[in-house]
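Working notes, beginning with the structure itself.
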Amino acid sequence: MKPFDLLLSTAYAPPISYFAKLYEYQGKAIGLEAQEHYLKQSYRNRCRILSPNGVQALTIPVEQSLSLKTKIRDVRISEHGSWRHLHAQALRTAYGASPFFEYYADELLPFYERRYSFLWDFNEELLRVLIRQLQLEVNWSATEEFADPAEECPETCDLRYVIHPKKRHSVAGLMRPPYYQLYQDRFGFVEELSILDLLFEMGPESLLILRDSLTPSRG
């Protein structure tokens, strides 16, 4: 396997910890896992936002394959239901009044008007836009084979199965600095939401939050 400094899974509008690690590993080799089998109930096809009613999970429906071992790049988006409209409307409802929604919406909301056949392609193009909006200098590529870095490259920071909705405090070496959230008076500060929450609330200052997410020894 090509040596990577950081390994991540594909993800839908990933959480802040994901982008904090991208920030930390700018200029280094980052691998996006393309050879794994699809993992249900993960950030691969869902993100968490903060709505007027609390935390809301947005999930991209995927087609159920007859095979239980579908490669992540072969996972097809299901056309059942109106998920694109529902997700776009959820973002408008949650962040329409936030300071930077209009600044970013013109580039982000069109993603919910296009039809992507594969989850990987949707996630990849959205990730590229988010990286550009954050002005990160990130060098990443898709993995060409699946390997255990603990055996082949132990110095790799492998977060493919660490950044997960059920493990929101498991990324070592990260702080979770608070930032302005529109509904903080109702719910207090909510950690580890989608990067969309940070962008819509903080705009260009999002980079400062990513920087401050790193421990002093790394920052």
Side-chain angles (χ1 to χ4, degrees), residues 3-33 42-44 46-50 55 91 94-95 97-108 111 123-141 149 153 155-165 167-185 187-219:
F4 290 107
D5 298 297
L6 173 66
L7 272 175
L8 295 166
S9 70
T10 184
Y12 168 35
I16 292 171
S17 62
Y18 191 106
F19 277 89
K21 299 307 285 188
L22 289 178
Y23 178 96
E24 180 181 5
Y25 280 81
Q26 289 181 97
K28 297 183 179 180
I30 300 172
L32 213 61
E33 179 55 67
S42 72
Y43 286 125
R44 287 156 183 79
R46 72 175 57 187
C47 67
R48 298 167 68 247
I49 65 172
L50 189 60
V55 175
L91 292 174
Y95 299 110
S98 62
F100 294 94
F101 180 78
E102 293 186 1
Y103 185 83
Y104 295 108
D106 285 346
E107 191 169 11
L108 290 171
F111 273 90
N123 285 350
E124 179 185 25
E125 290 196 33
L126 180 57
L127 180 63
R128 290 186 187 279
V129 169
L130 292 168
I131 287 172
R132 183 172 70 250
Q133 289 175 329
L134 288 162
Q135 299 183 337
L136 295 174
E137 298 295 329
V138 172
N139 175 30
W140 70 267
S141 59
C153 195
E155 66 272 17
T156 296
C157 178
D158 183 4
L159 299 178
R160 293 173 295 178
Y161 308 106
V162 174
I163 298 178
H164 190 279
K167 304 176 183 178
R168 291 198 289 272
H169 299 277
S170 60
V171 182
L174 285 187
M175 309 281 283
R176 287 176 169 78
Y179 57 87
Y180 169 81
Q181 291 177 335
L182 193 60
Y183 308 110
Q184 191 162 346
D185 59 333
F187 309 110
F189 176 69
V190 181
E191 301 177 345
E192 194 64 343
L193 295 171
S194 166
I195 191 65
L196 295 173
D197 184 84
L198 182 60
L199 270 176
F200 290 145
E201 304 289 22
M202 299 299 293
E205 292 188 12
S206 297
L207 274 181
L208 301 179
I209 300 300
L210 297 182
R211 180 200 66 188
D212 292 345
S213 297
L214 306 178
T215 60
S217 62
R218 290 176 177 251

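Quick note: numbers below take in every heavy atom, side chains included, and nothing from hydrogens, waters or symmetry partners.
Rounded to the nearest 0.5 Å, atoms CZ (R44) and CD1 (I163) are 10.0 Å apart. A distance of 6.0 Å separates CG in L159 from CG in L8, rounded to the nearest 0.5 Å. For the atom pair L193 CG and I16 CD1, the distance stands at 6.0 Å (nearest 0.5 Å). Atom OG in S98 sits 5.0 Å away from atom CD in E201 (nearest 0.5 Å). Distance check, rounded to the nearest 0.5 Å: CZ of F4 to CD of E33 gives 9.0 Å. Expressed to the nearest 0.5 Å, how far CE of M175 lies from CG of D212 amounts to 9.0 Å.
Aromatic ring pairs are classed by plane angle as parallel below 30°, tilted from 30° to 60° and perpendicular above 60°; the pair Y104 and F100 is tilted. Ring orientation note: the planes of F189 and Y179 are nearly perpendicular, at an angle over 60° on the 30°/60° scale.
Around CD of E102, the count of heavy atoms belonging to other residues, nucleotides or ligands within 6.0 Å does not exceed 12. In the displayed structure, Q26 atom CD is contacted under 6.0 Å by more than 12 heavy atoms of other residues, nucleotides or ligands. More than 12 heavy atoms of other residues, nucleotides or ligands sit less than 6.0 Å from atom OH of Y161.
Taking all atoms of both residues into account, the shortest heavy-atom contact from Y95 to F101 is O-CB, 3.0 Å. The shortest non-hydrogen separation linking P178 to I209 is O-CD1, 4.2 Å. Residues E191 and R48 come closest through the heavy atom pair O-NH1, 3.5 Å. Nearest heavy-atom pair across A13 and C47 is O-CB, 3.6 Å. Summarising the geometry of L127 relative to L22, their closest heavy-atom pair is CD1-CD1, 4.4 Å, with the distance given to 0.1 Å. Residues Y25 and C157 share a closest heavy-atom pair of OH-CB, 3.3 Å.
Defined by atom type and a distance below 3.5 Å, a donor-acceptor pair is missing between the side-chain atoms of E124 and T10.
Looking at residues two or more places apart in sequence or on another chain, you find no salt bridge (charged side-chain N to carboxylate O under 4.0 Å, His left out) involving E125.
Side-chain atoms of Y18 come within 3.5 Å of backbone N or O of S9 as a donor-acceptor pair.
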| query | Should L174 and K21 be marked as a side chain to side chain contact (heavy atoms under 4.5 Å, CB included) after you check the CA-CA gap, both sets of side-chain angles, and the distance that decides it? | reply | CA-CA 9 Å; L174 285 187; K21 299 307 285 188; 4.1 Å; yes

| request: Check step by step if side chain to side chain contact (heavy atoms under 4.5 Å, CB included) holds for R211 and L208. | output: CA-CA 5 Å; R211 180 200 66 188; L208 301 179; 3.8 Å; yes

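The side-chain contact (heavy atoms from CB on, under 4.5 Å) test with F19 is passed by exactly one of L130, L199, L207: L130.
Residues Y23 and L214 meet the side-chain proximity criterion, which asks for heavy atoms closer than 4.5 Å. Using a 4.5 Å heavy-atom cutoff, the side chains of D197 and Q181 are in contact. Between Q133 and L108 the shortest side-chain heavy-atom distance falls below 4.5 Å.
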